[in-house]
Participant: 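Let me give you the structure first, and then I'll get to my questions.
Keep in mind the model is a prediction, meaning the values are calculated, not measured.
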Amino acid sequence: LKQPFSVCKMAASIEDLLLEISGLEEPLEELRNLKTAVLAIPLNILGEIVSGLRLEVIFSLLNSNDREQTELCVAILMRILQALDPVNLVQNFRAELLSGLKHPDDTVKILAMTQIGRIVEHTEAMTEIVNSQELLKEVIHCIGGEKISVAKEAIKTLSKMAQTKSGLDALFMSNLQKDLKDVMTTDDVIRYRVYELVIEISSVSPVSLGYCANSSFISKLIGELTGDDILVRATAIEMVTTLAHSQHGRQYLAQQGIVDKISNMIIGADSDPFSAFYLPGLVKFFGNLAIMDSPQQICECYPAFVTKVFEMATGQDTTMIGVALDTLGILGSNVEGKQVLQKTGEKFQQVLKRMSQLAKNAATELRVRSLEAIALLLALPAEDQTEDLLGLTESWFSSLSNHPMEMLKGISTQPFPELHCVALKIFTAIACQPWGQKIMIDTPGFVEFIVDRSTGPDKESKDAKFELVKALVNSKSTAEIFGNQHYLRLRTYMREGPYYVTAVSSVMVEGAE
């Protein structure tokens, strides 16, 4: 196929511009034209055009104090290099990429790393780059860069590289491992960037976790859990929690006794005056474990966790209360978690009463978090609705207050959209449970409140109200409990959608102003 004339013309103009630029002292205008030209040509065609051209002139112009010149060269090279095959890149531009990684300008560093990221994802090109470790060594040094954007790009590139066995071998079975360990000694911040990379790699598969563990990176991180620096300890717990997101990560932590260690840290927190800095992280760690594995298993094996969550929920520290509320919501979001909480008897009843007080009287953010947690605790999908579980959610609802419906309706009519929406979420949680429907129909004016479109004028409120209506319409027991007339009103509301506006007809009266 012949290329359109304009593309051929562009190809010729790129060559001409490169020649012209090489002979100029101040090539800004020509660089602008070149940028326009390379952006106008589709990548596949651009690759054919530039593969034989000499691009040294553009690379050399990166070494300038002129900000605009550097920006133009970065934009031009980003486009041109993107059009080239990764093997071509690594074979013909290795020296230029290395210079780019050492360049004082961060945008040039990121340009080089973006291209190395493409190379390490290509099997053949990857072989070339592994044999020349200087490039990868420089990428590792970029983790220690001042700018977080550069460090993030370096982590991303090395993480991509570690997706293959040859990449893992290069990182952990060669001198590069020493470079990683050397860069860690820079300071706390850089050390944690390396941990971030290690956890990202470990999360991919049991094999990649094996490489990281055998290189002692994981044991080093675990050692930080009980280090002297409280803030470092808090960050270490976050990292370990991320590792626990994968099943093989959780197995490793259990086998190495680290889950026990974190449980003991919760117990020991009572005697540590600085525990407020890291205790929320410990609780979140167990909350994640419970929801990913088995709430019953985690709560029975590590009773200190549940005890601490209840203690935090009924305490005075607002940070701790917030974490406890979120954790209770997570725990109680599935059937097994609900049963675990119910087994604690009176202790959990006290927590429910506290949640209700917070929902009424706390600062807005805590009120919202408390109501969110209550909604998760009360939710019970139709497929889980046994007599026992329905009895459990009903008893929890009754424990909230002497008149829970009035309390929630009061919150839902307050002029705070976030409170209004989350109160509606609780109504939605009980809307598919027969006892919830009975309470609704027995509450005077409640059906009118549901179908009244004037409450909550913002989009979030309309969406929340629509979810409530949908839950009622889709429940098999609503028609019988609400009666046909009310049920049809709800179906009409649902058919009209969340944003329906009733048309108001205006009649002109003769002589009226």
Side-chain angles (χ1 to χ4, degrees), residues 90 94-106 108-117 119-120 126-204 207-229 231-240 242-243:
V90 73
R94 195 173 303 194
E96 287 81 358
L97 290 173
L98 187 59
S99 299
L101 291 173
K102 294 177 177 177
H103 199 283
D105 190 292
D106 294 332
V108 181
K109 281 191 171 90
I110 288 171
L111 161 72
M113 264 184 291
T114 307
Q115 298 312 315
I116 294 167
I119 292 166
V120 298
M126 175 68 176
T127 311
E128 295 257 354
I129 207 169
V130 165
N131 295 333
S132 144
Q133 292 204 339
E134 211 178 342
L135 268 177
L136 296 174
K137 188 173 184 168
E138 208 49 53
V139 173
I140 288 170
H141 287 167
C142 286
I143 295 178
E146 212 172 294
K147 285 279 175 66
I148 186 72
S149 56
V150 172
K152 287 274 182 206
E153 200 60 47
I155 289 168
K156 193 164 132 192
T157 301
L158 293 167
S159 190
K160 280 180 189 172
M161 180 179 137
Q163 300 285 325
T164 61
K165 187 182 183 303
S166 56
L168 286 165
D169 284 340
L171 257 186
F172 297 107
M173 308 292 281
S174 73
N175 294 335
L176 292 178
Q177 187 195 136
K178 183 181 180 301
D179 292 312
L180 267 178
K181 287 180 177 172
D182 286 347
V183 89
M184 283 178 95
T185 60
T186 315
D187 60 34
D188 287 350
V189 173
I190 309 304
R191 191 164 77 255
Y192 271 88
R193 287 181 190 168
V194 176
Y195 285 142
E196 188 186 326
L197 167 67
V198 166
I199 295 297
E200 212 167 288
I201 293 170
S202 299
S203 300
V204 174
V207 172
S208 53
L209 171 58
Y211 274 87
C212 296
N214 293 337
S215 313
S216 76
F217 284 104
I218 306 278
S219 56
K220 208 171 167 57
L221 172 62
I222 301 306
E224 308 249 12
L225 284 175
T226 48
D228 294 333
D229 188 321
L231 295 176
V232 166
R233 201 184 284 191
T235 314
I237 290 158
E238 265 179 55
M239 297 273 177
V240 174
T242 306
L243 181 57

Participant: Do D182 and K178 have side chains that get closer than 4.5 Å, going by heavy atoms?
Facilitator: yes

Participant: Residues two or more places apart in sequence or in another chain: which of them pass side-chain contact (heavy atoms from CB on, under 4.5 Å) with D229?
Facilitator: D188, L231, V232

Participant: Nearest 0.5 Å, please: how far is CG in L171 from CG in L158?
Facilitator: 5.5 Å

Participant: Once you round to the nearest 0.5 Å, how far does CG of L197 lie from OG1 of T157?
Facilitator: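 Nearest 0.5 Å value for the CG-OG1 distance: 10.0 Å.
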
Participant: How long is the span from the NZ atom in K160 to the CD1 atom in I116, to the nearest 0.5 Å?
Facilitator: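 Output value for this atom pair is 11.0 Å.
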
Participant: For S216 and S219, work out which heavy atoms get closest and say how close.
Facilitator: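 Looks like O-OG, 3.1 Å.
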
Participant: Kindly write out the residues that satisfy salt bridge (charged side-chain N to carboxylate O under 4.0 Å, His left out) with K181, not counting sequence neighbours, or none if the list is empty.
Facilitator: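 K181: no salt bridge (charged side-chain N to carboxylate O under 4.0 Å, His left out) contacts found.
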
Participant: Is there side-chain contact between D179 and L136, with heavy atoms separated by less than 4.5 Å?
Facilitator: no

Participant: Going from CG on L101 to CD on E134, what distance comes out if it is rounded to the nearest 0.5 angstrom?
Facilitator: 10.0 Å

Participant: Rounded to the nearest 0.5 Å, what's the gap from CE on M239 to CD1 on I218? Could you check?
Facilitator: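 One finds 11.0 Å between CE of M239 and CD1 of I218.
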
Participant: Tell me the closest heavy-atom pair linking V139 and A154, and the distance in Å.
Facilitator: O-CB, 3.5 Å

Participant: So, do V150 and M113 sit near enough that their side-chain heavy atoms are less than 4.5 Å apart?
Facilitator: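 SC-SC contact between V150 and M113 confirmed.
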
Participant: Taking ring-ring contact (aromatic ring centres under 6.0 Å, His included) as the definition, give me every residue that meets it alongside Y192, ordered by chain and number, with sequence neighbours left out.
Facilitator: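 For Y192, the residues satisfying ring-ring contact (aromatic ring centres under 6.0 Å, His included) (neighbours in sequence not counted) are Y195.
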
Participant: Does V130 have any side-chain contact (heavy atoms from CB on, under 4.5 Å) partners at least two apart in sequence or in another chain, and if so, which?
Facilitator: M126, A170

Participant: Going by salt bridge (charged side-chain N to carboxylate O under 4.0 Å, His left out), name the residues that satisfy it together with E224, two or more places apart in sequence or in a different chain.
Facilitator: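 E224: salt bridge (charged side-chain N to carboxylate O under 4.0 Å, His left out) contacts with R191.
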
Participant: Do I143 and T186 have side-chain heavy atoms sitting under 4.5 Å apart?
Facilitator: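 No, too far: nothing below the 4.5 Å cut-off.
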
Participant: Under the side-chain contact (heavy atoms from CB on, under 4.5 Å) rule, collect the residues that match up with S215, sequence neighbours excluded.
Facilitator: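 F172, Q177, F217.
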
Participant: Are the side chain of R94 and the backbone of L135 linked by a donor-acceptor contact shorter than 3.5 Å?
Facilitator: no

Participant: For E138, give me all partners under salt bridge (charged side-chain N to carboxylate O under 4.0 Å, His left out), at least two apart in sequence or on another chain.
Facilitator: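 Checked E138 against salt bridge (charged side-chain N to carboxylate O under 4.0 Å, His left out); zero matches.
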
Participant: Any side-chain heavy-atom pair from L168 and I201 closer than 4.5 angstrom?
Facilitator: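 The answer is yes; the side chains approach within 4.5 Å.
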
Participant: What pairs with S166 under side chain to side chain donor-acceptor pair (under 3.5 Å), at least two apart in sequence or on another chain?
Facilitator: T164

Participant: For atom CG of N175, is the number of surrounding heavy atoms from other residues, nucleotides or ligands below 6.0 Å larger than 12?
Facilitator: no

Participant: Are D169 and S174 side-chain neighbours, meaning at least one heavy-atom pair lies under 4.5 Å?
Facilitator: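 The answer is no, as the side chains (C-beta and beyond) never meet within the 4.5 Å cut-off.
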
Participant: Tell me, do V198 and L180 make a side-chain contact under 4.5 Å, heavy atoms counted?
Facilitator: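 No; the side chains remain at least 4.5 Å from each other.
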
Participant: What closest approach, in Å, do I222 and V240 show between heavy atoms, and which atom pair accounts for it?
Facilitator: CD1-CG2, 4.0 Å

Participant: What salt bridge (charged side-chain N to carboxylate O under 4.0 Å, His left out) pairs are there with at least one residue in residues 141-152, not counting sequence neighbours?
Facilitator: D106-K147, K152-E196

Participant: Where do L243 and L221 land on the side chain to side chain contact (heavy atoms under 4.5 Å, CB included) test, with the steps shown first?
Facilitator: CA-CA 11 Å; L243 181 57; L221 172 62; 5.9 Å; no

Participant: Listing request: all ring pair (Phe, Tyr, Trp, His ring centres under 6.0 Å) pairs with a residue in residues 130-159, at least two apart in sequence or in separate chains.
Facilitator: none

Participant: To check you understand the geometry: which heavy-atom pair defines the closest contact between E200 and S159, and what is its length?
Facilitator: OE2-OG, 2.9 Å

Participant: Would you check if the side chain of K109 reaches a backbone N or O of H103 as a donor-acceptor pair within less than 3.5 Å?
Facilitator: yes

Participant: Which residues pass the salt bridge (charged side-chain N to carboxylate O under 4.0 Å, His left out) test with K220, sequence neighbours left out?
Facilitator: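 Expected list: none.
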
Participant: To check you understand the geometry: which heavy-atom pair defines the closest contact between A112 and L97, and what is its length?
Facilitator: CB-O, 3.6 Å

Participant: Quick check: closest heavy atoms across V204 and S208, and the distance to 0.1 Å?
Facilitator: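 It is CB-OG, 3.6 Å.
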
Participant: List the residues meeting side-chain contact (heavy atoms from CB on, under 4.5 Å) with D187, not counting sequence neighbours, and say none if there are none.
Facilitator: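 Here the qualifying residues are V189, I190.
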
